[in-house]
Protein chains: 2
Amino acid sequence: MCRPTTRNTTMLMQKNQVFQHAEMTEETIHAGQSLSALFLTSATELVPAGRAVCWEGDEAKHLFQLVEGVIRLYRIVGDGRRVITAFQFAGDLIGASLQGDFLFTAEAVTECKIRRVSRKSFDDEVAPVGCSSHRIHLPALRETAAAQEQMVLLSKKNAEERLCSFIAKLASRRNLQARQSVLRVPMSRQDIADHLGLTIETVSRTLTKLASRNVVIPEGRHDLRIVNLACLTQLSGDADDFLEESCHRVSLH
Amino acid sequence: MCRPTTRNTTMLMQKNQVFQHAEMTEETIHAGQSLSALFLTSATELVPAGRAVCWEGDEAKHLFQLVEGVIRLYRIVGDGRRVITAFQFAGDLIGASLQGDFLFTAEAVTECKIRRVSRKSFDDEVAPVGCSSHRIHLPALRETAAAQEQMVLLSKKNAEERLCSFIAKLASRRNLQARQSVLRVPMSRQDIADHLGLTIETVSRTLTKLASRNVVIPEGRHDLRIVNLACLTQLSGDADDFLEESCHRVSLH
DNA sequence: CGCGGTTTTGAAAAGGATCAAGGGAAGTGG
DNA sequence: CCACTTCCCTTGATCCTTTTCAAAACCGCG
């Protein structure tokens with residue numbers, strides 16, 4: 001009775017972009033504006049690569065807007081095992097969905113520009129605006145959706161699917177900024193491994209394998225040439241499966 | 001402004017260790033009351049075991065309060081692989097942190113009593129109350145915290161640690177209801193496996209191993225005698241490590 | 001140009017998954 | 001109340017993916 005049915009499968013296929021085109025009500029827009037305004041009142045800070053902007057367990061007295069650069073959010077468990085729960089990119093809000101303490105350490109992957117506002121002024125300024133919970137929820141919503149996706153990745157995907165998912169997602173946000181087929185990957189292999197629940201060696205090997213199949217080609221340590229995006233998406237495992245075959249045919253050298 | 005207090009465990013506060021001591025401001029309490037009130041206006045529905053109360057992808061026109069029983073939230077990925085992202089227990093709110101569509105299917109594990117309210121009245125009634133985002137965020141917060149913990153579990157823990165984490169968490173919520181050392185585990189092995197990112201066989205084997213080490217002893221399919229809670233906690237892998245040795249000594253038969 | 005850290009590659013080992021069968025409890029019908 | 005069916009769970013044996021350990025290659029940098 002609890003077994004998967006085909007009905008479920010079809011219905012669920014829509015992926016996780018669910019929130020990319022989330023509701024833009026007047027409220028949302030209005031709130032968005034007041035939000036930018038709030039952040040604009042504070043000067044941008046420059047954070048060098050490797051520096052943390054907040055620590056797990058610290059009281060979340062501020063939140064941050066990432067203006068430029070890439071940040072990793074992570075937790076350390078037990079004996080120094082690190083789990084990168086998410087990467088954040090330009091435009092993202094860090095700590096907006098928090099109360100109390102930070103649940104993660106946020107560390108610059110690349111040099112970053114951030115703006116910071118106190119939680120108090122955030123609550124005071126932004127919350128009263130449009131209160132039917134829409135806007136307030138939005139960052140938390142995205143976070144939740146991302147977390148769910150990550151859980152799926154971690155519990156059901158193999159190394160290749162994980163890596164392809166990761167690259168495809170990176171590529172898709174890159175697309176928004178409109179570019180060619182070379183994708184910047186600012187994070188180290190260790191970062192990627194810690195995000196995907198793999199070891200650095202497995203990441204490396206899997207990448208090599210993808211290269212040999214002509215899906216993506218590493219160019220230096222931090223760039224990837226996307227040769228076959230369709231295939232990449234296929235291999236990521238959450239796509240519709242109907243092209244699987246053709247993809248393999250195309251991709252095999 | 002957000003200091004924890006010990007009194008007054010309202011409906012929402014009881015679960016989920018992380019936020020057990022979350023903020024109980026006047027606002028929160030007030031909102032909690034208005035929330036209970038809202039839910040109390042709707043009659044309880046009886047949901048038989050195995051029945052779904054909402055489906056992934058459906059528009060979230062309602063939210064639910066779980067009055068009694070256990071519910072699993074899951075997503076189906078690709079070819080019928082099921083990921084149980086969370087279990088929900090009496091007092092939990094389902095769908096409160098959503099906008100738009102449900103991100104999961106919610107299905108009764110045991111027979112359940114639920115109350116349901118429309119999202120509209122939830123937003124209208126509850127949101128305007130205390131608007132500085134505190135109360136609104138609480139369910140979402142818990143969810144996020146739980147999701148993060150789950151990511152840690154899935155990316156860094158081995159089968160034994162996963163199972164021990166799971167049992168320990170169950171046991172800790174059980175404790176709140178004050179009972180003896182026999183823990184009810186309403187979900188099937190398959191449910192547990194799909195939640196922990198393992199196969200049913202591995203769950204079974206690991207349980208057997210724990211039994212042979214005298215940590216927990218299965219009594220029938222849905223009960224566990226907790227013999228050595230300290231050890232269980234140790235083995236869950238997110239505890240402080242200082243007792244690791246002694247624990248092993250104690251546990252080895 | 002040599003040096004330190006990162007990445008790649010290789011070989012061996014381990015932990016789970018998978019495949020296959022057997023056991024047991026709950027429910028059904030006689 | 002008992003035989004029978006069924007479903008769920010356990011156990012065993014083998015296979016496969018990923019990890020682990022080790023060393024070589026690469027690359028940016030002083």
Side-chain angles (χ1 to χ4, degrees), chain A residues 1-4 49-50 72 79-83 109-111 153-167 184-213 216-224 235 237, chain B residues 48-50 72 78-83 109-111 153-167 184-213 216-224 235 237:
Chain A
M1 76 193 175
C2 358
R3 291 297 71 218
R72 57 178 166 252
D79 56 325
R81 293 178 284 188
R82 184 181 69 164
V83 179
V109 172
T110 63
E111 184 181 77
L153 180 144
L154 293 171
S155 42
K156 297 290 171 184
K157 292 185 181 177
N158 64 23
E160 186 174 281
E161 290 170 324
R162 291 179 197 201
L163 197 60
C164 289
S165 299
F166 176 71
I167 298 171
R184 190 92 245 252
V185 183
M187 47 293 274
S188 71
R189 300 284 186 268
Q190 187 65 61
D191 284 341
I192 298 173
D194 286 349
H195 182 53
L196 299 182
L198 301 169
T199 60
I200 187 178
E201 292 96 331
T202 301
V203 170
S204 183
R205 272 186 255 273
T206 307
L207 205 48
T208 305
K209 215 164 51 186
L210 288 176
S212 78
R213 291 213 266 154
V216 296
I217 300 173
E219 302 192 346
R221 279 173 186 189
H222 291 290
D223 288 289
L224 271 184
L235 295 176
Chain B
R72 57 179 166 252
D79 56 323
R81 293 178 285 188
R82 183 181 69 163
V83 179
V109 173
T110 63
E111 183 180 76
L153 180 145
L154 292 171
S155 42
K156 297 289 171 186
K157 292 185 180 178
N158 63 24
E160 188 175 279
E161 291 170 324
R162 292 180 195 200
L163 197 59
C164 288
S165 299
F166 176 71
I167 298 171
R184 190 95 247 250
V185 183
M187 47 292 274
S188 71
R189 299 287 185 266
Q190 187 65 61
D191 284 342
I192 298 172
D194 286 348
H195 182 53
L196 299 182
L198 300 170
T199 60
I200 187 178
E201 292 96 332
T202 300
V203 170
S204 183
R205 271 187 256 274
T206 306
L207 206 47
T208 305
K209 215 164 50 186
L210 288 177
S212 79
R213 292 213 267 153
V216 296
I217 301 174
E219 301 192 344
R221 280 173 186 186
H222 291 291
D223 288 289
L224 272 184
L235 295 175

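Below, chain A is the first sequence line, B the second, and so on; all start at residue 1. Remember, predicted model here, so these are calculated numbers, not experimental data.
- Protein atom CG of B:D191 is 9 Å distant from nucleotide atom P of D:dC9, rounded to whole Å.
- At whole-Å resolution of the value, CG in A:L154 and C1' in C:dG16 are 16 Å apart.
- Proximity of A:T202 to the phosphate of D:dT17: no side-chain N or O atom is located under 4.0 Å from OP1 or OP2.
- Straight-line distance from the CG atom of B:D223 to the P atom of C:dA26: 11 Å, rounded to whole Å.
- With hydrogens and angles ignored, a donor-acceptor pair under 3.5 angstrom links the side chain of B:R221 to the base of D:dC8.
- Separating the CD atom of A:Q190 from the P atom of C:dT8 is a distance of 12 Å, rounded to the nearest angstrom.
- Within the 3.5 Å criterion, the main-chain N or O of B:I200 finds no donor-acceptor partner in the side chain of B:S204.
- Checked by distance alone, A:R189 brings no side-chain donor or acceptor within 3.5 Å of a matching partner on the base of C:dT6.
- In this entry the distance linking CD1 of A:I200 with C1' of D:dA25 reads 14 Å, nearest Å.
- Between the side chain of B:R184 and the main chain of B:D223, no donor-acceptor pair closer than 3.5 Å is present.
- Atom-to-atom, CG of B:L163 to C1' of C:dG16 comes out at 14 Å; the value is rounded to the nearest Å.
- Looking at B:K156, its side chain does come within 3.5 Å of a backbone N or O of A:R82 through a donor-acceptor pair.
- For the pair A:T202 (side chain) and A:L198 (backbone), a donor-acceptor distance under 3.5 Å is absent.
- The CG atom of B:L198 sits 15 Å away from the C1' atom of D:dT18 (whole-angstrom rounding).
- The distance between atom CG of B:L196 and atom C1' of C:dG15, rounded to the nearest whole Å, is 16 Å.
- Listed nucleotides: C:dT8, C:dT7, D:dC9. Nearest to the side chain of B:S204: D:dC9.
- Remark: B:T199 is not in phosphate contact with C:dG16, judged by side-chain N or O atoms under 4.0 Å from OP1 or OP2.
- For B:E201 and C:dC19, a side-chain-to-base donor-acceptor distance below 3.5 Å is present, hydrogens and geometry of angles not being considered.
- At least one donor-acceptor pair closer than 3.5 Å links the side chain of A:R162 to the backbone N or O of A:L196.
- Residue-to-nucleotide contacts include a donor-acceptor pair under 3.5 Å from the side chain of B:R205 to the base of C:dT18.
- Using a 4.0 Å heavy-atom cutoff across all strands shown, A:L207 reaches no nucleic acid atom at all.
- Between A:V203 and A:G220, the residue whose closest nucleotide on DNA chain D is further toward the 5' end is A:V203.
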